[in-house]
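For clarity, every value in this text was computed on a predicted model and none was experimentally measured. Below, chains carry the letters A, B, ... as their sequence lines are ordered, and counting in each starts from 1.
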There are 4 protein chains.
Amino acid sequence: MEFGDHKTIFLQIRDWLVDQILTGKLAPGDRIPSVRELAADIEVNRNTVMRSYALMEQEGIIDNRRGIGFFVSDQARQRLATDEKAQFIRDELPKLVHQAKVLRLTLADFEPLIQQLHENQNQ
Amino acid sequence: MEFGDHKTIFLQIRDWLVDQILTGKLAPGDRIPSVRELAADIEVNRNTVMRSYALMEQEGIIDNRRGIGFFVSDQARQRLATDEKAQFIRDELPKLVHQAKVLRLTLADFEPLIQQLHENQNQ
Amino acid sequence: MEFGDHKTIFLQIRDWLVDQILTGKLAPGDRIPSVRELAADIEVNRNTVMRSYALMEQEGIIDNRRGIGFFVSDQARQRLATDEKAQFIRDELPKLVHQAKVLRLTLADFEPLIQQLHENQNQ
Amino acid sequence: MEFGDHKTIFLQIRDWLVDQILTGKLAPGDRIPSVRELAADIEVNRNTVMRSYALMEQEGIIDNRRGIGFFVSDQARQRLATDEKAQFIRDELPKLVHQAKVLRLTLADFEPLIQQLHENQNQ
DNA sequence: GTGGTCTAGACCACC
DNA sequence: GTGGTCTAGACCACA
């Protein structure tokens with residue numbers, strides 16, 4: 001776990017798991033690491049991991065089967081794909097446009113992004 | 001998810017001033033508002049403004065003349081235009097590409113950004 | 001804390017900790033006193049200690065783990081030993097030579113320094 | 001006048017004049033620049049220059065002949081040579097020794113200083 | 001008038 | 001428990 005990052009740890013964990021789901025490394029129904037497992041792995045307090053899981057459960061991304069563990073919920077992928085996308089376009093994009101303006105960025109500067117967008121289109 | 005990305009006040013002040021410089025509203029040599037003035041204007045504590053100014057001075061964006069005030073440094077604009085741009089391409093762009101990938105964003109989603117980039121190009 | 005010194009408190013704290021590191025009393029990885037602890041110990045405001053720590057973090061001398069504390073960074077000793085030495089030879093030594101010249105100081109006046117230098121050599 | 005320096009301006013002026021005296025560029029009896037002259041030259045407030053002169057007068061380095069100007073006092077050079085030297089050995093040297101110790105400086109690092117001291121000796 | 005430092009006390013989010 | 005931010009108010013030295 002990167003302690004240098006300015007994002008708080010429990011959100012880093014959440015984002016990391018969300019990534020796994022969005023990229024298909026974790027599929028609906030899959031079991032995610034137990035709290036104590038993950039806490040030991042990334043050398044972090046169990047409460048911190050617990051907090052991530054609680055947040056994700058409350059977001060409807062994962063389900064908790066008491067005594068067994070946490071599992072990726074059935075609607076997780078779909079829900080994330082739409083919610084996070086909408087949030088991105090609403091919150092991040094305007095900032096991005098503004099930054100592109102004041103920094104006088106060009107299409108060339110965004111080459112890697114453009115390429116990725118084309119790849120997405122062709123799927 | 002009310003884990004708001006609300007930036008802290010002293011960073012907002014810094015970013016606001018950086019914007020003024022990058023857009024030419026503040027030119028090198030210009031005096032920026034005194035700590036007391038700005039604090040009164042935006043109804044914020046003097047220490048908070050002071051913290052912004054101290055940060056910017058340390059970044060080499062503004063200079064300080066004892067007992068007189070803070071001034072936009074000569075290299076401010078140039079330094080910002082290059083440093084912030086480089087930092088953006090190094091730090092932000094990869095995240096952006098990754099996000100575009102996992103969220104399966106398309107060129108259409110980025111329409112506003114593309115438009116801005118074209119405008120920049122035509123200047 | 002010696003209030004007789006002209007230096008401000010937060011810089012005294014920084015210099016005191018730097019000394020501890022350079023002399024090996026604090027090793028990389030060691031936890032330094034929490035902001036509250038130190039503030040209580042030396043009877044100084046928490047914010048003042050915080051300011052020292054923020055400065056040192058920005059200098060790369062110490063790292064911060066959220067909710068846990070500040071730790072001497074891995075490169076701290078090496079970085080200090082080289083940076084501060086280089087800075088001394090670049091900034092302070094010329095002033096010193098100039099002062100020795102205008103004050104017509106002699107080798108005898110610098111006896112204590114010469115002795116220390118010999119001790120350093122024999123280690 | 002270097003505004004970037006962290007020493008306060010009126011002390012910079014004082015030190016600059018002291019240097020002129022110690023190096024013989026200004027001799028006892030010489031007239032030093034008038035307050036308004038110097039203020040205009042280095043683009044500084046007259047009060048600031050006046051403060052320097054007042055300090056130096058109080059130190060016995062310069063004399064004020066009302067309506068005429070300030071003049072280097074007869075004992076200026078001698079007085080400075082002894083006072084500043086004593087102060088250096090009492091205040092600065094111990095710090096220097098300590099710094100040499102923690103930074104593990106060697107005789108080689110002080111080569112320029114040693115050379116200057118030898119030159120002083122041979123005069 | 002300006003910046004600069006410090007205190008005391010509060011509140012927050014996080015581990 | 002930890003750091004982090006902010007407020008209110010004070011005092012200082014300097015221009």
Side-chain angles (χ1 to χ4, degrees), chain A residues 1 3 6-13 39 42-52 54-55, chain B residues 2-13 31-40 42-55 57 62-71, chain C residues 1 3 6-13 31-40 42-55 57 62-71, chain D residues 1 3 5-13 39 42-52 55:
Chain A
M1 194 76 354
F3 288 102
H6 64 292
K7 224 189 298 184
T8 154
I9 294 181
F10 83 95
L11 280 182
Q12 286 181 49
I13 296 173
I42 61 182
E43 290 180 312
V44 142
N45 193 297
R46 282 182 209 159
N47 292 328
T48 306
V49 175
M50 193 55 217
R51 192 163 174 188
S52 286
L55 170 62
Chain B
E2 63 284 320
F3 289 95
D5 316 284
H6 283 28
K7 246 180 293 189
T8 68
I9 297 179
F10 80 94
L11 282 182
Q12 287 180 48
I13 295 174
R31 185 171 176 280
I32 67 175
S34 82
V35 173
R36 293 168 155 84
E37 255 178 340
L38 186 52
I42 62 181
E43 290 180 313
V44 144
N45 191 279
R46 296 204 292 121
N47 293 330
T48 307
V49 176
M50 190 60 209
R51 194 168 171 185
S52 287
Y53 284 17
L55 171 61
E57 186 183 14
I62 59 179
D63 293 326
N64 174 17
R65 295 195 201 163
R66 313 180 92 90
I68 303 188
F70 286 90
F71 297 75
Chain C
M1 191 81 352
F3 287 100
H6 297 336
K7 242 182 296 186
T8 67
I9 297 180
F10 79 94
L11 282 181
Q12 288 180 49
I13 295 174
R31 185 171 176 278
I32 66 177
S34 82
V35 173
R36 293 169 155 83
E37 253 177 341
L38 187 52
I42 62 181
E43 290 180 311
V44 143
N45 191 279
R46 295 206 292 122
N47 293 330
T48 305
V49 175
M50 191 59 209
R51 194 168 170 186
S52 287
Y53 284 17
L55 170 62
E57 186 181 17
I62 59 178
D63 292 327
N64 174 16
R65 295 196 201 163
R66 298 177 169 273
I68 303 187
F70 287 90
F71 297 76
Chain D
M1 193 78 352
F3 289 102
D5 201 328
H6 64 291
K7 223 190 296 182
T8 154
I9 294 181
F10 85 94
L11 279 182
Q12 286 180 50
I13 296 173
I42 61 181
E43 290 180 313
V44 142
N45 193 296
R46 283 183 210 159
N47 292 330
T48 307
V49 176
M50 192 57 216
R51 192 164 176 186
S52 286
L55 170 62

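One donor-acceptor pair, N or O on each side, does fall under 3.5 Å between the base of dA8(F) and the side chain of N45(B).
Between F71(B) atom CZ and dA15(F) atom C1' the separation is 12 Å, expressed in whole Å. The distance from atom CD of E43(B) to atom C1' of dC6(F) is 15 Å, rounded to the nearest whole Å.
Between F71(B) and N64(B) there is no side-chain heavy-atom pair separated by less than 4.5 Å. By the 4.5 Å heavy-atom criterion applied to side chains, I62(B) and Y53(B) are counted as neighbours.
Put simply, T48(B) has a side-chain N or O that comes within less than 4.0 Å of OP1 or OP2 on dT7(F).
When all heavy atoms of L11(C) and K7(C) are compared, the closest pair comes out as CB-CD, 4.2 Å. In this structure, N45(A) and N47(A) approach most closely via the heavy-atom pair OD1-N, 2.8 Å.
Under the rule for a side chain to side chain contact (heavy atoms under 4.5 Å, CB included), the partners of E37(B) that lie at least two apart in sequence or sit in another chain are R31(B), P33(B), S34(B). For F10(D), the side chain to side chain contact (heavy atoms under 4.5 Å, CB included) partners at least two apart in sequence or on another chain are T8(D), T48(D), R51(D), S52(D), L55(D). Annotation: side chain to side chain contact (heavy atoms under 4.5 Å, CB included) contacts of A39(B) (sequence neighbours excluded): R46(B), V49(B).
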Quick test: give all pairs of protein nitrogen or oxygen and nucleotides 1-4 of chain E nitrogen or oxygen below 3.5 Å, distance rounded to 0.1 Å.
from, atom 1, to, atom 2, distance (Å)
dT2(E), OP1, S34(B), OG, 3.1
dT2(E), O4', G67(B), O, 3.3
dG3(E), OP1, V35(B), N, 3.4
dG3(E), OP2, V35(B), N, 3.1
dG3(E), O3', N64(B), ND2, 2.9
dG3(E), N7, R36(B), NH1, 2.8
dG3(E), O6, R36(B), NH2, 3.4
dG4(E), OP1, N64(B), ND2, 2.8
dG4(E), O6, R46(B), NH2, 3.3

Exercise. Under 3.5 Å for both distances, Watson-Crick or G-U wobble, that's the pair rule; now give the dot-bracket for DNA chain F, with | marking pairs to another strand and [ ] for crossing ones.
Key: ||||||||||||||.
